[in-house]
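Reviewing the structure listed below.
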Amino acid sequence: MIRLAGLCLLFSPLPLAAEDLPALFSVTGVASDDVLNIRAAPDPSSDILGALTPDATGIEVISESDGWASINVEDRSGRVAARYLRPMGHAPWYQLQIPLHCAGTEPFWSLDIDPQAATASFLTPELSEPQVLALDGFWPGEDWLPSAAVSFDQGLAVVRPESCSDQMSERQYGIGVDIFLRGKGGHRLNGCCALSPN
């Protein structure tokens with residue numbers, strides 16, 4: 001019985017630690033002529049919101065409960081059977097190795113962080129096109145403290161695990177962000193982040 005339990009843990013499709021989510025996954029175990037349905041609720045008979053192809057990759061799983069993974073589809077969240085998802089093997093998001101797309105409202109802004117290129121693309125209503133910024137400081141998180149930060153000439157962005165809403169849709173996010181900007185009286189922006197597959 002102990003061996004069976006060990007094998008189940010070894011081949012578990014999702015990370016065992018909740019703090020490792022969100023993370024990127026790929027579809028597995030779905031026939032080439034079939035799809036993985038995205039359901040409105042964690043129930044095989046609930047409404048279908050969309051579908052994932054058998055070779056889909058870069059799927060951000062926000063959370064997992066009772067064998068169902070929460071993902072985003074268009075402007076809302078949906079559920080897929082977790083047994084058909086396999087981790088893509090990336091380091092946890094807070095180690096700052098996966099690109100992040102962050103955004104917020106009031107005012108509308110976006111910040112795309114690319115740790116590998118050590119750049120960020122920042123857009124606000126005052127800018128006609130995104131401003132590319134060099135990242136000059138990195139503070140990756142640890143397993144015991146899954147928060148991280150990057151700095152750039154205009155300020156500092158701090159990302160942390162958080163159930164987050166963009167207040168504009170029914171999408172769920174698992175990462176919150178605060179951006180502290182230099183100048184303008186120390187302006188602060190807050191919002192949500194999603195993992196960006198390479």
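Worth knowing before you read on, the calculation uses all heavy atoms, side chains too, and leaves out hydrogens, waters and symmetry mates. As the structure is a computational prediction, the values presented were derived from the model and not from experiment.
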Nearest-0.5 Å distance, NE2 of residue H101 to CD1 of residue I113: 10.5 Å
L133 side, atom CG; D112 side, atom CG - distance, nearest 0.5 Å: 11.0 Å
With I59, the side chain to side chain contact (heavy atoms under 4.5 Å, CB included) member among L24, N72, I38, I71: I71
Whether R83 side chain and G67 backbone form a donor-acceptor pair below 3.5 Å: no
Over all atoms of both residues, closest heavy-atom pair of C192 and S165: SG-O, 3.3 Å
Minimum heavy-atom distance G50-I48, with the two atoms named: O-CG2, 3.3 Å
Separation of SG atoms, C102 and C193, below 2.5 Å: yes
Cluster check V80, V73: I/L/V/M/F/W/Y, side chain < 4.5 angstrom: yes
Transitive ILVMFWY side-chain link L111 to W93, under 4.5 Å: yes
Distance, nearest 0.5 Å, that separates CG of L195 from CD1 of I175: 4.5 Å
For the student: nearest non-hydrogen atoms of C164 and G191, plus distance: SG-O, 3.5 Å
Between CG on residue D20 and OH on residue Y94, distance to nearest 0.5 Å: 5.0 Å
Single-linkage hydrophobic cluster V177~F138, side-chain heavy atoms < 4.5 angstrom: yes
Hphob cluster co-occupancy, V27 + L49, side-chain heavy atoms under 4.5 angstrom: yes
Minimum-distance pair of heavy atoms, taken over all atoms of D55 and T53: OD1-OG1, 2.8 Å
Side-chain heavy atoms of P115 within contact of Q97, under 4.5 Å: no
Beyond-backbone contact of E106 with Q167, side-chain heavy atoms, under 4.5 angstrom: no
Test item: R171 side-chain N/O and E74 main-chain N/O as donor-acceptor pair under 3.5 Å: yes
D34 CG: over 12 foreign heavy atoms closer than 6.0 Å: yes
Nearest heavy-atom neighbours spanning A148 and G141: CB-N, 3.7 Å
Distance, nearest 0.5 Å, that separates CH2 of W139 from OG of S151: 3.5 Å
With W109, the side chain to side chain contact (heavy atoms under 4.5 Å, CB included) member among I179, L123, N190: I179
Common cluster, L96/L135, ILVMFWY with side-chain heavy-atom separation under 4.5 Å: yes
Neighbour count >12 (heavy atoms, 6.0 Å) for atom CG, D66: no
side-chain contact (heavy atoms from CB on, under 4.5 Å) between S70 and E64, intermediate numbers included: CA-CA 6 Å; S70 297; E64 187 270 339; over 6 Å; no
Least distance between heavy atoms, A41 atom then R79 atom: C-CG, 3.8 Å
R76 side chain to E170 backbone, donor-acceptor under 3.5 Å: no
Side-chain heavy atoms of P54 within contact of Y84, under 4.5 Å: no
Side-chain heavy-atom pair F25, L52 within 4.5 angstrom cut-off: no
Pairwise distance CG(L21) to CD(E60) - rounded to 0.5 angstrom: 9.5 Å
Short side-chain to backbone donor-acceptor contact, D166 and M168, under 3.5 Å: yes
